[in-house]
Amino acid sequence: LDTAMSPAPGHEADPPEDALSICIEVPAKATPGVTKLAVDVGDGSELHVTVPKEAAVGDRLRITKDGDKPWVCVVLRTQTLKSDLLSLRPPEGVDEGNKVQMLVPARVTPGGTKLSVSAGGEQVVLEVPAYSKPGDMIELERPHATAPWLCKFIRDTFRQEKDFSSLSITANLPARIRPSALDTDAAVARMFEVARASGCYVSPKIKRGMAPPLNVPGLIATEAIEDGEEIIRVPMHLHLTPIAVEACAPKLWAAVQNIPTSDLPESRRAEAAQAFFLAQLLAEAEDRAVAKAKGSANKAGSVFDSAWSASPEQRSVWEAYADSLLSEDFAYHPFRLAAADYAGMKAILRPSMEGDYYADMATDLVALHSAVMGCPEESRGGKDVEVDKYIRARLCTQTRVFQTCVDATLVPVADLLNHSPTLEPGVLWNWENEERCMIISAVRAIAPGEELHTSYGSRSNMILYRTYGFTHSPESEPGWTYICRTHLVRPVLNAFLDADARPQMVFESLHIDESLCNVLNEVAQRNNNATEFLRLVCARCRWPYEWEEKLQPALAALTRARESDPQSHAWWSQLDPDHQNLASQDTFRVIMSEYLCLTAYLEACDVADGTKDESTCFRGCTNMRESLVKALGMLKSSKGFSIKRA
């Protein structure tokens, strides 16, 4: 009898008492979906059973024949008690033979899969409840050796009270902007003139404007631009950097560095000082604009006339730069959107945790302002900076910075360039270290009327949206990201690491992040299985996405796409007509970016275990997957690996 066995709906029930039932274990070298096992079924017959694709090495297969019905194969997953995990041992004073704790494995079907657990010297078979998810705690306990086992599934919950009382401040930025006669196009044109007069090169072939497909303000070519043509050059002394802030406002810098760590971590002090410096420039720009609207002279004065210093070129360029930024209220940014409607943002992003992050950061903006305003008045130039100016300044530094020889560099004129909606930008920026300047050059010919696009880097939609407030179309997204909130995986962390371990874990589909490298090394150093740890973390984090109702059309579309091309991730290409709009929603793109990233890591775990072939994994993740498979292999032998960036 030669037959391929596969589970069918309803086969999970215990077999009838008079049925023939045989249990075998999937051997170490078996390949699920390929390997055939010869099973002696008596009367001189052999049954050839193809190991089900969903089975894993070490699982038990129950093969049943009920009368004239066909043979049925059931996968009984096996997860034995790991006595080396302190968090899974019975509490002190409890007989180890009468209490067993374990985690729901990653590769189970809630409501269907049965686990065969070694407990008290016997095998206990239990069904995983439909409401459980990977990483939930299973507890088997009996009062004494002859009593029946009682099973308890423990769902970990996490509640944290947050103070969002300051969200209204971030939500109401436009109401705090004073009326003024502000012409942003004129302000940008003036900035170009001031920049040229101060030693910058700004091509006469560009102006501020809008063009398809973005139709948002950026830089437009007024004449044909040739491939390789230099467009913008800004010397370093005109960049607004933390170093420039320290040089021009040393008292401010020193005061911010002395803010208690409890109010402002040391790693964020440069960020806070730079934002305050720019906020003061914005406040003075608003004074000038309001005075102009009233037709009167600006009598507010400048902090550069008293407490701070700057060269004439720096002052003129930075003031013109602040004038050009004055109309920016960040109405599109998720921090502001979450501040205006936290519950709505959280709901539209569910099951992603990004809505919480946006609200946390909106609150953080106000906290940063409070921390800096606690510095002595003299260090702040004798002037208060209102919270709305600070928030706008901080969002400017987040959405406009470059990385030159200094992190967090604001480069006037250059930061007007928008990110390319495709993977082929028309211009690229380059930091020339010898010349100490930022240079923007065309990398292809640009036609008159065309917008100049650059690249903000190969960033996923999740990172693009939380940083800048926009996303790629899914077909142009270069990679995917998922950032694990440790409270979601506490049972897994408790089992594989210390009970109080809460490490950062960033998952990138293009490479292995250093944070994940550190955690996997620590797991292996404790003689734990790093592959199973990673699989449990990813499966537990992905579980709510698979159960979220609004994702079902996209997940069904992804399944259809992979039926014709197992390596495809093109969920948007197979959406039914009623759900085509999902692919154009920023928040939905963020959710799918996270889901695809977690799936890519689960596939890599299966490749590492030999239960999945590379040809059925997402394309575009090859570098990460190959590196991860190699790393997980090293952890089984050497207990350590490191990452070298090219």
Side-chain angles (χ1 to χ4, degrees), residues 212-216 332-334 337 345 347-355 357-358 418-425 453-483 506-511 538 541-542 544-604 616-625:
L214 296 183
N215 293 310
V216 296
Y332 60 88
H333 200 280
L337 296 175
M345 177 64 85
I348 199 172
L349 278 159
R350 192 178 60 240
S352 172
M353 298 297 293
E354 283 295 279
Y357 173 80
Y358 305 153
N418 287 320
H419 182 63
S420 174
T422 69
L423 300 180
E424 298 179 353
H453 295 133
T454 190
S455 172
Y456 293 178
S458 295
R459 304 190 181 200
S460 68
N461 279 336
M462 192 273 267
I463 296 298
L464 283 176
Y465 193 58
R466 64 156 46 182
T467 306
Y468 304 105
F470 66 83
T471 60
H472 278 293
S473 61
E475 59 267 30
S476 298
E477 187 178 14
W480 314 308
T481 305
Y482 180 83
I483 299 178
V506 178
F507 297 86
E508 294 281 1
S509 67
L510 299 180
H511 62 268
C538 293
C541 291
R542 193 181 69 163
Y545 292 74
E546 297 189 309
W547 287 85
E548 177 61 38
E549 183 177 356
K550 66 172 173 281
L551 262 65
Q552 298 314 305
L555 298 185
L558 177 62
T559 298
R560 290 192 290 271
R562 302 196 79 174
E563 286 173 352
S564 57
D565 178 3
Q567 293 184 307
S568 173
H569 66 275
W571 58 272
W572 61 91
S573 68
Q574 296 294 325
L575 287 170
D576 59 63
D578 292 339
H579 296 97
Q580 290 288 331
N581 65 316
L582 295 177
S584 62
Q585 297 174 11
D586 286 327
T587 51
F588 202 87
R589 291 172 177 179
V590 169
I591 296 170
M592 288 305 295
S593 180
E594 294 181 320
Y595 177 83
L596 292 172
C597 186
L598 289 168
T599 301
Y601 273 83
L602 284 168
E603 290 183 345
T616 62
C617 297
F618 286 143
R619 65 172 58 90
C621 306
T622 304
N623 289 340
M624 176 279 289
R625 190 166 52 246

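Note that the numbering runs from 1 along the sequence shown for the chain.
Remark: Pro566 engages Thr616 in a side-chain contact (heavy atoms from CB on, under 4.5 Å) (not counting sequence neighbours). Asp576 is linked by a side-chain hydrogen bond (donor to acceptor under 3.5 Å, both in side chains) to His579, counting only residues two or more places apart in sequence or in another chain. Partners of Tyr482 under the ring-ring contact (aromatic ring centres under 6.0 Å, His included) rule, at least two apart in sequence or in another chain, do not exist in this structure. Applying the side-chain hydrogen bond (donor to acceptor under 3.5 Å, both in side chains) test to Ser593 and every residue at least two apart in sequence or in another chain returns Glu477. In terms of the side-chain contact (heavy atoms from CB on, under 4.5 Å) criterion, residue partners of Leu596 (sequence neighbours excluded) are, by chain and number, Trp480, Leu558, His569, Trp571, Phe618. The salt bridge (charged side-chain N to carboxylate O under 4.0 Å, His left out) search around Arg560 returns none, not counting sequence neighbours. By the salt bridge (charged side-chain N to carboxylate O under 4.0 Å, His left out) test, Arg542 pairs with Glu546, sequence neighbours left out. Contacts of Thr559 classified as side-chain hydrogen bond (donor to acceptor under 3.5 Å, both in side chains), with partners at least two apart in sequence or in another chain: none. A search for side-chain contact (heavy atoms from CB on, under 4.5 Å) contacts involving Thr454 returns Leu417, Val427, Leu428, Trp429, Tyr456, not counting sequence neighbours. With sequence neighbours left out, the salt bridge (charged side-chain N to carboxylate O under 4.0 Å, His left out) criterion links Glu354 to Arg466, Arg485. In terms of the ring-ring contact (aromatic ring centres under 6.0 Å, His included) criterion, Tyr545 has no residue partners (sequence neighbours excluded). Gln552 pairs by the side-chain contact (heavy atoms from CB on, under 4.5 Å) definition with Leu555, not counting sequence neighbours.
Taking CG from Leu510 and SG from Cys597, the interatomic distance works out to 9.0 Å, rounded to the nearest 0.5 Å. Here the CH2 atom belonging to Trp572 is positioned 13.5 Å from the CG atom belonging to Leu582, to the nearest 0.5 angstrom. The distance from atom CD of Glu548 to atom CZ of Arg350, rounded to the nearest 0.5 Å, is 5.0 Å. For the atom pair SG (Cys541) and CG (Leu602), the distance works out to 9.5 Å, reported to the nearest 0.5 Å. Interatomic distance, CG of Leu551 versus CZ of Phe588, reported as 4.5 Å (0.5 Å rounding). With rounding to the nearest 0.5 Å, the separation of CE in Met592 from OG1 in Thr471 is 13.5 Å.
Proximity of Tyr595 to Thr599: side-chain heavy atoms (C-beta onward) are separated by under 4.5 Å at one or more points. A 4.5 Å side-chain heavy-atom check between Phe507 and Glu594 finds every atom pair outside the cut-off. Put simply, the side chain of Arg459 reaches to within 4.5 Å of the side chain of Tyr468, judged on heavy atoms. A 4.5 Å side-chain heavy-atom check between His453 and Leu214 finds at least one atom pair inside the cut-off.
In this structure, Pro334 and Met345 approach most closely via the heavy-atom pair O-CE, 4.1 Å. The two atoms that bring Lys550 and Leu349 nearest to each other are NZ-C, 4.4 Å, heavy atoms only. What you find for Cys621 and Ala600 is that their closest heavy atoms are SG-CB, 3.9 Å. Here the closest heavy-atom approach between residue Gly479 and residue Ser460 is recorded as O-CB, 3.1 Å. Across all non-hydrogen atoms, the minimal contact from Ser568 to Ala570 is OG-N, 3.0 Å. Across all non-hydrogen atoms, the minimal contact from Leu423 to Ser476 is CD2-O, 3.2 Å.
Not one N or O on the side chain of His333 forms a donor-acceptor pair closer than 3.5 Å with the backbone of Phe470. Remark: side-chain polar atoms of Thr467 are not paired, donor with acceptor, to backbone N or O of Leu464 under 3.5 angstrom. With hydrogens and angles disregarded, a donor-acceptor distance shorter than 3.5 Å links the side chain of Asn461 to the backbone of His472.
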Open item on the list: Before you tell me yes or no, could you show the steps for His419 and Ser455 under side chain to side chain contact (heavy atoms under 4.5 Å, CB included), namely the whole-Å CA-CA distance, both residues' side-chain angles and the distance that decides it to 0.1 Å?
Closed with: CA-CA 5 Å; His419 182 63; Ser455 172; 4.0 Å; yes
Arg589 vs Ser473, test: side chain to side chain contact (heavy atoms under 4.5 Å, CB included). Steps then yes/no.
CA-CA 8 Å; Arg589 291 172 177 179; Ser473 61; 4.0 Å; yes
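When the shell of 6.0 Å around CD of Gln585 is examined, it contains more than 12 heavy atoms from other residues, nucleotides or ligands.
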